[in-house]
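The structure appears below as structure tokens.
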Amino acid sequence: MYEILKAGGFTTGGFNFDSRVRRPSIDGADLFHGHIGGMDVMAASLERAAGMIENDILGKNIANRYAGWNDQMGKDILSGKLSLAALAEHAAKSDFQPTSVSGAQEYLENVVNGFVFK
């Protein structure tokens with residue numbers, strides 16, 4: 001739901017809550033309860049996704065992680081102005097020594113879980 005909302009929601013289509021029997025729940029009342037449970041999960045996920053978007057902590061972390069692509073060299077790479085050979089030459093001449101930076105995956109997974117399991 002997070003990705004669907006970030007993309008502007010549905011422009012066509014939607015979710016299909018069909019009534020096929022998939023388990024031993026074969027009577028109408030049980031199928032009805034299955035649909036209610038599915039709709040409840042979708043409603044809760046919509047609320048959680050909206051909260052994540054309002055908070056925007058994921059977006060802020062992504063913007064921070066990839067901020068270097070907004071400087072001139074990043075823009076030149078993305079636009080195709082710099083070839084791989086030119087980048088290799090630049091790295092060799094500048095004695096480029098990259099350092100590892102954490103992607104904060106574990107932290108961000110916990111942030112998402114904080115919204116999902118509230």
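In this text the structure is predicted, and so the values were computed from the model without any measurement.
Annotation: side chain of Leu58 is not in contact with side chain of Phe115 (no heavy-atom distance under 4.5 Å).
Remark: Val116 pairs with Val112 by the side-chain contact (heavy atoms from CB on, under 4.5 Å) rule, at least two apart or across chains. The side-chain contact (heavy atoms from CB on, under 4.5 Å) search around Ser94 returns His90, Phe96, not counting sequence neighbours. Taking the side-chain contact (heavy atoms from CB on, under 4.5 Å) definition, one finds that Leu5 meets it with Leu46, Ala49, Ala50, Ile53, sequence neighbours left out. Residues that satisfy the side-chain contact (heavy atoms from CB on, under 4.5 Å) test with Val41, not counting sequence neighbours, are absent from this structure.
Distance check, rounded to the nearest 0.5 Å: CE of Met73 to CG of Leu82 gives 6.0 Å. Remark: Phe10 CZ to Phe15 CZ distance equals 3.5 Å, nearest 0.5 Å.
The same ILVMFWY cluster, assembled from side-chain heavy atoms under 4.5 Å apart, contains both Val111 and Phe117. Taken together through direct or relayed side-chain contacts under 4.5 Å among Ile, Leu, Val, Met, Phe, Trp and Tyr, Met52 and Ile62 form parts of separate hydrophobic clusters.
Other residues, nucleotides and ligands place more than 12 heavy atoms under 6.0 Å from the CE atom of Met42.
For residues 108-118, the side-chain hydrogen bond (donor to acceptor under 3.5 Å, both in side chains) pairs, not counting sequence neighbours, are Gln105-Glu109. Among residues at least two apart or in separate chains, there is no side-chain hydrogen bond (donor to acceptor under 3.5 Å, both in side chains) pair with a member in residues 43-60. Among pairs with a residue in residues 25-42, none fulfils salt bridge (Lys or Arg N to Asp or Glu O under 4.0 Å), at least two apart in sequence or across chains. Listed by first and then second residue, the salt bridge (Lys or Arg N to Asp or Glu O under 4.0 Å) pairs that reach into residues 91-101 are Glu89-Lys93, sequence neighbours excluded. The side-chain hydrogen bond (donor to acceptor under 3.5 Å, both in side chains) pairs that include a residue from residues 65-85 are Gln72-Asp76, where partners are two or more places apart or lie in different chains.
In the hydrophobic clustering, where aliphatic and aromatic side chains (Ile, Leu, Val, Met, Phe, Trp, Tyr) are joined below 4.5 Å either directly or transitively, Phe32 groups with Ile36.
Closest approach of Leu31 to Ile26, counting heavy atoms only: CD1-O, 4.3 Å.
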